[in-house]
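We count residues from 1, following the sequence as given. We count ligands from 1, going down the list as the structure has it; atoms in each ligand are counted the same way.
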Amino acid sequence: MLTYSRPTRHVSEFADAVRDGLTKPGQKELPSKYLYDEVGSALFETICVLPEYGLTRADARLLETHARDIVDQLSYPIHVAELGSGTGKKTRWILEALSRRQRTFYYPIEISPSALAACEKELGQIDLVSVVGYEKPYLEGLRAVAKGRDSQEHLLVLFLGSTVGNFDREAGEDFLHEVRETLQPGDALLLGTDLEKDEQTQILAYDDPAGVTAAFNKNLLARINRELGANFDLSQFQHEARWNEMERRIEMHLRSLRKQCVSIPAALMKVSFAEGETIWTESSHKYRAAEVLAMAKRTGYRCEGQWIDGEWPFAQNLLICE
Ligand code: AVJ
């Protein structure tokens with residue numbers, strides 16, 4: 001029998017989430033935010049350079065091409081907060097465009113310490129840009145940033161990479177509304193949204209032939225083994241990417257290849273799987289350009305600009321708080 005020293009807050013939160021998700025009646029699930037530990041974040045960086053995953057390149061291309069037009073629509077002085085900055089690579093274009101007009105503070109909000117450190121290093125070197133990282137969940141971090149600002153300063157919030165697509169459509173809209181509530185009129189939200197495209201292209205983006213996305217997905221089980229002392233046999237689970245036509249989203253699952261039982265000591269549980277049963281680990285909702293505008297309008301923004309990539313349907317939406 002293994003014993004554990006008193007778990008840290010972070011470990012017990014993870015353990016609670018794992019227990020909740022794996023004891024759900026019907027479809028088992030795990031929250032996608034736990035995909036991004038140090039290994040997961042590194043695997044995601046690799047996904048971003050896969051030929052099949054055009055999303056990140058489209059996102060970056062739009063920022064590189066239109067950074068000037070985007071910053072021309074803002075009210076000054078303005079500082080930048082980014083939700084889930086990752087390593088912050090594509091943010092450089094916006095920060096450089098802003099630094100031509102003013103000294104800029106940049107507040108990356110990121111739960112992965114390794115990604116946050118990389119981001120501080122990558123973007124801390126731009127002239128006239130000061131980086132202050134927050135290792136916090138999105139809204140908690142954003143509230144802290146908003147609280148610390150002077151009354152005449154505006155905020156530009158970046159929510160790039162179609163991360164909003166991880167939320168169900170309704171929860172995504174609620175989230176935009178919550179972001180709006182932490183902001184002031186004239187503040188801005190730059191929202192990246194992946195657009196619907198043909199099914200084959202979408203599936204391949206989440207089930208690449210080199211197996212990087214499969215490794216990214218399975219790392220969640222490896223993380224449960226590492227952090228919660230579990231005994232998942234990774235060779236007995238298979239990565240699966242599905243297009244859910246009704247919900248217009250890609251779903252990632254892990255399929256149990258046989259009937260099996262796994263124990264997760266730090267979550268005080270044993271869990272059994274039927275052959276073929278899946279754990280649902282992530283959703284990536286895909287949008288229509290007009291749908292994003294309607295969503296923005298309902299949640300308290302007006303859209304000042306929508307830029308769509310010509311190669312990989314993806315939209316950059318500049319939303320201004322009413
Ligand atoms: C970082 C959430 C935008 O949904 O496309 C990539 C994550 N998962 N491949 C996405 C992801 C599998 C990605 N987001």
Below 4.0 angstrom, N of the basic side chain to O of the carboxylate: do E247 and R169 qualify?
no

Can you tell me how the ring of Y287 sits relative to the ring of H285, calling it parallel under 30°, perpendicular over 60° and tilted otherwise?
tilted

Does a side chain donor of either W312 or D59 reach within less than 3.5 Å of an acceptor in the other side chain?
no

Scan L234, T281, T278 and name whichever one has a side chain to side chain contact (heavy atoms under 4.5 Å, CB included) with L254.
T281

Let's go through E38 and R226 carefully: what are the C-alpha distance in whole Å and the side-chain angles of both, what is the deciding distance for salt bridge (Lys or Arg N to Asp or Glu O under 4.0 Å) to 0.1 Å, and is it a yes or a no?
CA-CA 12 Å; E38 186 171 5; R226 286 190 294 269; over 6 Å; no

Return a table of N or O atom pairs, ligand 1 on one side and protein on the other, at distances under 3.5 Å, rounded to 0.1 Å.
residue, atom, partner, partner atom, Å
ligand 1, 4 (O), S284, OG, 2.4
ligand 1, 5 (O), Y53, OH, 2.5
ligand 1, 5 (O), Y206, OH, 2.5
ligand 1, 8 (N), E282, OE1, 2.6

Quick one: is the NZ or CZ of R149 closer than 6.0 Å to the six-membered ring centre of Y107, and within 45° of its axis?
no

